[in-house]
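Step one of this worksheet: look at the structure below.
What you see is a predicted model, and the numbers here were worked out from it, not measured in a lab. When a ligand or atom number is given, it counts from 1 through the structure's own listing order.
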Amino acid sequence: MLARRRIPDELWGAVVAAVPALARLSPAACDRLRGLALLFLNEKRLEAAGGLDLDDHKRVRIAALACVPILELGLDCYSAFYAVIVYPDEFVVPDREVVDEDGVVHVGDDVLSGEAWEQGPVILAWPDVEVSGRGEGFDVVAHEFAHKLDMLDGAADGVPPLHRGMSETEWVAAFAREYENLRAQLQRDEEPWLDPYAAEDPSEFFAVCCELFFDVPADFRREHPALYAQLARYFRQDPANDRRP
Ligand SMILES: [Zn+2]
């Protein structure tokens, strides 16, 4: 079991080396992330499900990825939940009710790589964690924890509580414009740069943008400069300009 007081050098080094989104951080930011990840591990309960061997490397990797979005915001942003459940594979939520645009309720099984319950745990599939933060435009951890940030002011709607000096009007306008663009592109059968899943609803759009902001920041800034600017102000980070000296 992981020591409660520090993350051993070798273990931390291995986690950072495995995840380019972490290796990109300056040495000072990386040290702060290490401290925050330790607090996270002490405060949250990481639970293995389905027979997964949730070893220290996996725990530290999840904690580090989860703490990247709150590096400048603090762990209090995650105080509304306690447990993170990790499955050995994608998991099935049986008999899920989904209401479509016409108000029709569909019931079916949902296969998921991650999920964040309102006032409940974050659920992750380890194989998707393993490919998160590697510059492939995918980060299920940033995605699910972004939902948690979004839920800080009630139901997930794509608008987390913004900082003083930020304009909710500007935020909503920027995100709504790009969200509608994406939906229009899909309707025209065009292949969008964003994952089509982002067109599901504004909360998924926000979560997908957060993944890209942290995983492929320079590409995201090039494709969606207005969204990049809003997220940079919200997260108080500028990952497109972070480079180790
Ligand atoms: Zn989502």
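- No other N/O/S atom of His147 lies as close to the Zn ion (ligand 1) as NE2 does.
- Residues His143 and Tyr197 meet the side-chain proximity criterion, which asks for heavy atoms closer than 4.5 Å.
- Interatomic distance, Tyr78 OH to Ile70 CD1, rounded to the nearest 0.5 Å: 4.5 Å.
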Report the C-alpha distance between Arg34 and Asp9 in whole Å, list the side-chain angles of each, state the deciding distance to 0.1 Å, and finish with yes or no for salt bridge (Lys or Arg N to Asp or Glu O under 4.0 Å). CA-CA 10 Å; Arg34 182 177 175 171; Asp9 291 347; 2.6 Å; yes
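- Of all heavy-atom pairs between Ala64 and Leu33, the closest is O-CD1, 3.7 Å.
- The atom of Glu204 that is an N, O or S and sits closest to the Zn ion (ligand 1) is OE1.
- Metal site remark for the Zn ion (ligand 1): Glu144 contributes no N, O or S atom at a distance under 2.8 Å.
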